[in-house]
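Have a look at the structure below, then the notes.
Position 1 is the first residue of the sequence; numbering continues from there. Note that these values count all heavy atoms, side chains included, but never hydrogens, waters or copies made by symmetry. The shown structure was predicted, so the numbers you read here are calculated from the model rather than taken from an experiment.
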Amino acid sequence: MTAPADDAAHVLVVDDDSRIRQLLARFLGANGFRVTGSADAAEARHKIGALDFDLIVLDVMMPGEDGLSLTRALKEQKDVPILLLTARADGEDRIRGLEVGADDYLTKPFEPRELLLRLNNLLKRRAGGPAGRERIGFGRFVFDLRREELREGDAPVRLTDRERQLLTLFAHSPEGTVSRDALSGGEAGVGERTIDVQINRLRRKIEDDPANPVHLQTVRGVGYRLRFD
C-alpha cells in the first residue's frame, strides 16, 4: 500500500474499540489520509496537544470522558472539524452533538465509504468549496444542512430522522449521487427494498408526481441522485 503524502490530511480517530481504530487506519490510509488513533479522551487530549490534526473522528460512548464532553472542550480551544460516531439511532446523540459543536455524525454500524465521503466534504467545507454552502435548493424546496430542516417556501416540511439523513447524504455527495451501499449505511438487514421504501416516502414529500420524479431520480446500476440547484 502506498504511504500517504506528507501533506495529506491528518485524521485523529478516537474510539475505545481497537478493531474500529485498525479498520479506519487501514481504510483511510489507503484513501490518502494520515491516521492517528487514540483509545480514550485522555490519550486524545495528549496527542492533540502535541500534533495538529485536520479532522477528528470521535466516538460518543467511551469509558471515562465521553465524546460529547471532549467535543465541547475541543471546540472551545481549536477550530477543527469533528465527526461523531454514535451507536444510538434515535437521534438524541446527534442533536446533543450538534449542540456542543460537532460538524457531522454517523450512526454505528456505518459504511466506511460513507465516512470517507463525509470527511472529504468536511475538508471541502473548511476550505470554502462548493460543499461549504449551508443550504441546497431544489424546485420550491430549500434544505438547511446545518439545522437539517426542509422548507417548502415559508412552510416547514416534517421529516423523519432517516429522511434528514438521506437529504444530508445527498447534499454532501458529488453531483448529489449516492450509491445504494452508501444509502444503507452498512446496516445489517437493510436491503434494496428497504431503501426503495425510504426513497419513495421522501419522494411523496418533495415530488409533484412521485411516480415520475424530477428532483430525486433513480440512477440505474448505481443508486439515486438529488438534482439540486
Side-chain angles (χ1 to χ4, degrees), residues 60 81-86 88-108 110-111 113-115 117-126 128-187 190 192-219 222-229:
V60 171
I82 298 176
L83 183 147
L84 291 179
L85 300 177
T86 172
R88 299 178 59 161
D90 60 6
E92 182 176 340
D93 280 344
R94 174 180 60 81
I95 294 171
R96 293 176 63 196
L98 293 175
E99 288 175 343
V100 299
D103 298 272
D104 205 349
Y105 79 100
L106 270 179
T107 302
K108 292 182 176 179
F110 57 88
E111 165 62 50
R113 285 175 292 177
E114 182 178 356
L115 175 65
L117 176 71
R118 288 175 179 264
L119 292 181
N120 280 326
N121 278 298
L122 284 175
L123 288 175
K124 292 177 184 177
R125 190 184 310 171
R126 185 179 178 85
R133 54 184 170 176
E134 296 181 352
R135 297 175 179 85
I136 60 166
F138 46 98
R140 60 184 181 275
F141 296 92
V142 174
F143 182 64
D144 186 313
L145 287 114
R146 188 66 181 174
R147 297 184 177 185
E148 295 188 336
E149 293 177 348
L150 180 66
R151 302 188 74 87
E152 182 179 3
D154 294 328
V157 178
R158 184 178 179 84
L159 297 173
T160 65
D161 283 343
R162 179 55 174 157
E163 289 164 351
R164 291 190 189 93
Q165 292 172 2
L166 290 174
L167 285 174
T168 299
L169 189 55
F170 283 120
H172 285 169
S173 303
E175 299 182 352
T177 301
V178 185
S179 69
R180 286 181 175 273
D181 285 344
L183 288 171
S184 72
E187 296 182 26
V190 178
E192 291 190 3
R193 178 56 182 162
T194 300
I195 295 170
D196 290 342
V197 169
Q198 294 169 345
I199 291 294
N200 286 335
R201 287 174 177 168
L202 181 56
R203 278 174 171 164
R204 287 199 290 269
K205 296 183 178 182
I206 65 174
E207 299 286 356
D208 291 331
D209 182 1
N212 296 285
V214 173
H215 308 304
L216 185 48
Q217 299 180 341
T218 301
V219 181
V222 178
Y224 293 93
R225 177 179 62 179
L226 180 64
R227 298 185 61 184
F228 47 83
D229 301 336

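By the 4.5 Å heavy-atom criterion applied to side chains, N200 and R203 are counted as neighbours. Counting only heavy atoms from C-beta outward, the side chains of Q165 and Y105 approach each other to under 4.5 Å. With a 4.5 Å cut-off on side-chain heavy atoms, D208 and V214 do not count as touching. Between L216 and F170, some side-chain heavy-atom pair lies under the 4.5 Å cut-off. Within the 4.5 Å cutoff, the side chain of D144 has no heavy atoms near those of the V142 side chain.
Panel note: side chain E207, backbone H215; a donor-acceptor pair is recorded below 3.5 Å. At distances below 3.5 Å, not a single donor-acceptor pair connects side-chain atoms of D103 with backbone N or O atoms of L83.
How far CG of D104 is from CD1 of I82: 12.0 Å, rounded to the nearest 0.5 Å. One distance of note links CD of Q217 with CZ of R225; it measures 5.0 Å at 0.5 Å rounding. The CZ atom of F143 sits 13.0 Å away from the CZ atom of R151 when rounded to the nearest 0.5 Å. Taking CD of E111 as the reference point, atom CG of L117 lies at 10.5 Å (rounded to 0.5 Å). One distance of note links CG of L167 with CD of E149; it measures 12.5 Å at 0.5 Å rounding. Distance CG/L226 to CZ/F138: 5.0 Å, rounded to 0.5 Å.
Residue E163 is tested with R158, R201, K205 for a side chain to side chain donor-acceptor pair (under 3.5 Å); the sole match is K205. The side chain to side chain contact (heavy atoms under 4.5 Å, CB included) test with Y224 is passed by exactly one of I195, V219, L202, L166: I195.
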